[in-house]
Amino acid sequence: MALEDKILDELATVVDEAARNSEPVKMLTADYPEMTLEDAYTIQRRSMARRYARGESLVGMKMGLTSKAKMEQMGVHNPIYGHLTDAMMLGDGAEISAGDYCHPRVEPEIAFVMGEDLSGEVGPREALSAVEKVCGALEIIDSRYQNFEFTLIDVVADNASSTGFALGTTTAKPDELELGNLGMVMSVNGEVVETGSSAAILEHPARSLAALSAMLHERGEGLKAGQVVLAGGATKAVHVEAGDQVELEVDGLGRIQLRVLQ
Ligand code: OOG
Ligand code: MG
């Protein structure tokens, strides 16, 4: 049974405030075990509405838990999506402050920039035909739950841990690369911490995009031209702290860097 409207509003405020104050809270399902996945996506949208009311605007979407490594790391085995706003957008080479986060982690990702709207149940090929360009991306995730632990329903309510992302400045058309198998190497302070391939993302990042389109369709929504889509981490996420210099190199898509300050 779905939660009452008033409770959904209250819980949207709880996750939004936790994000705003970088103060982890206990999982929402601890008090509301009857919460459904649909409730969680409603809470996610209502928490976004609070951000929009503060002046943030939607710039795209992300998929999460699309690789085996991520699913195993988090113990959650279903792909999910979240919303990305302009306030989460960082430039390549950006400096972030560790103090602005609860417990930040970085992920190596592939990003799409949509050239056309995309909606409905589509196959990966059709999904890719709506893409203008592809680039590498570093995503910073930061769960608003204590100890970075959650259930599927809790992480969905928390906008799939979305916090920040930096897109690479080297871009390519989807057919200019072997998008289904790009090597990805993530380093922290010059040491390689994770290596992987874009093949880890649902076997091909275009499948993640198609899955997103289908999931949004369940709510009568879709993607718009110009929006960014993060396809999901290709490897486990890596904890970062003040002083860390993070770099991702993606075959054919150059390097992206982030520095974590105090
Ligand atoms: C959920 C978000 C996962 C990804 O790329 O798999 C995600 C989390 O692990 O906190 O962004
Ligand atoms: Mg991610």
Side-chain angles (χ1 to χ4, degrees), residues 15 18-19 22 24-29 37 40-41 43-44 47-48 59-85 88-90 96 101-112 134-168 182 184 186 193-212 215-216 227-240 246 248 250 253 256 258:
V15 284
S22 313
V25 292
K26 72 174 180 206
M27 284 192 271
L28 305 184
T29 55
L37 187 60
Y41 276 115
I43 293 169
Q44 180 184 126
S47 76
M48 295 312 295
V59 295
M61 305 292 297
K62 65 171 263 187
M63 286 291 279
L65 305 169
T66 48
S67 65
K68 233 182 241 148
K70 276 290 313 185
M71 291 183 191
E72 274 162 19
Q73 181 179 33
M74 303 321 298
V76 175
H77 295 84
N78 307 68
I80 58 175
Y81 65 83
H83 293 72
L84 303 174
T85 73
M88 300 177 191
M89 243 171 130
L90 306 162
I96 60 170
Y101 301 84
C102 303
H103 29 214
R105 295 179 178 180
V106 289
E107 299 180 324
E109 303 232 359
I110 298 292
F112 297 111
V134 184
C135 57
L138 274 172
E139 183 182 13
I140 303 172
I141 52 169
D142 193 24
S143 175
R144 270 57 70 161
Y145 299 117
Q146 287 155 1
N147 306 317
F148 222 120
E149 282 171 8
F150 44 68
T151 65
L152 169 68
I153 287 172
D154 287 290
V155 66
V156 165
D158 182 29
N159 195 27
S161 309
S162 303
T163 305
F165 64 97
L167 301 181
L182 301 174
M184 303 171 73
M186 189 161 72
V193 290
E194 290 291 336
T195 58
S197 159
S198 58
I201 305 164
L202 291 180
E203 293 167 25
H204 193 302
R207 292 175 62 139
S208 177
L209 183 61
L212 174 60
M215 288 167 96
L216 290 175
Q227 286 186 334
V228 173
V229 174
L230 299 180
T235 71
K236 292 202 301 289
V238 171
H239 164 83
V240 286
V246 185
L248 170 66
V250 182
L253 291 172
I256 304 125
L258 284 179

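Counting starts at 1 for both ligands and their atoms, in listed order.
Residues Ala237 and Arg105 come closest through the heavy atom pair CB-CB, 3.8 Å. When all heavy atoms of Cys135 and Leu167 are compared, the closest pair comes out as SG-CB, 3.9 Å. The minimum heavy-atom distance linking Ile96 with Leu90 is given by the pair CG2-CD1, 3.8 Å. Scanning both residues, Phe150 and Met27, for their nearest heavy atoms gives CA-SD, 3.3 Å.
Taking the six-membered ring for Trp and thresholds of 30 and 60 degrees, His103 and Phe148 have ring planes inclined between 30 and 60 degrees apart.
Restricting Glu107 to its N, O or S atoms, the one at the least distance from the Mg ion (ligand 2) is OE1. Checked against the Mg ion (ligand 2), the N, O or S atom of Glu109 at the shortest distance is OE2. Closest to the Mg ion (ligand 2) among the N, O or S atoms of Glu139 is OE1.
In summary, of the residues considered (Ile80, Val15, Asn159, Asp158), a side-chain contact (heavy atoms from CB on, under 4.5 Å) with Gln44 occurs for Asn159 alone. Between Lys70 and the choices Glu194, Glu139, Glu109, Glu107, the salt bridge (charged side-chain N to carboxylate O under 4.0 Å, His left out) rule is met once, by Glu107.
Heavy atoms of Ser161 found under 4.0 angstrom from ligand 1 belong exclusively to the side chain. Here Val155 has side-chain heavy atoms under 4.0 Å from ligand 1, and that is the only part of it that gets that close. With a heavy-atom cut-off of 4.0 Å, Glu109 touches ligand 1 through its side chain alone.
Listed by atom number, the atoms of ligand 1 under 4.0 Å from Phe150 heavy atoms are 8 (C), 9 (O), 10 (O). Counting the atoms of ligand 1 from 1 in the order shown, those under 4.0 Å from a heavy atom of Phe148 are 10 (O). The contact set between ligand 1 and Met74, taken as ligand atoms under 4.0 Å from a residue heavy atom, comprises 9 (O). Atoms of ligand 1 lying under 4.0 Å from any heavy atom of Ile141, numbered from 1 in the order shown and given with element: 8 (C), 9 (O), 10 (O), 11 (O). Proximity to Leu65 (heavy-atom distance under 4.0 Å) selects the following atoms of ligand 1: 3 (C), 4 (C), 6 (O). The contact set between ligand 1 and Gly232, taken as ligand atoms under 4.0 Å from a residue heavy atom, comprises 5 (O).
Distance from atom 2 (C) of ligand 1 to its nearest protein heavy atom, with residue and atom name: Ala160 O, 3.3 Å. Of all protein heavy atoms, the one lying nearest to atom 9 (O) of ligand 1 is Lys70 NZ, 2.7 Å.
Among the atoms of Gly233, some N or O lies under 3.5 angstrom from an N or O of ligand 1.
Remark: Thr66 OG1 to Leu209 CG distance equals 11.5 Å, nearest 0.5 Å.
For atom 4 (C) of ligand 1, the nearest non-hydrogen atom from the set Glu107, Lys62, Glu139 comes from Glu107.
With 3.5 Å as the limit, one finds a donor-acceptor pair spanning the side chains of Thr163 and Arg144.
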Might you work through the side chain to side chain contact (heavy atoms under 4.5 Å, CB included) test for Lys62 and Ile141, ending with a clear yes or no? CA-CA 11 Å; Lys62 65 171 263 187; Ile141 52 169; 3.7 Å; yes

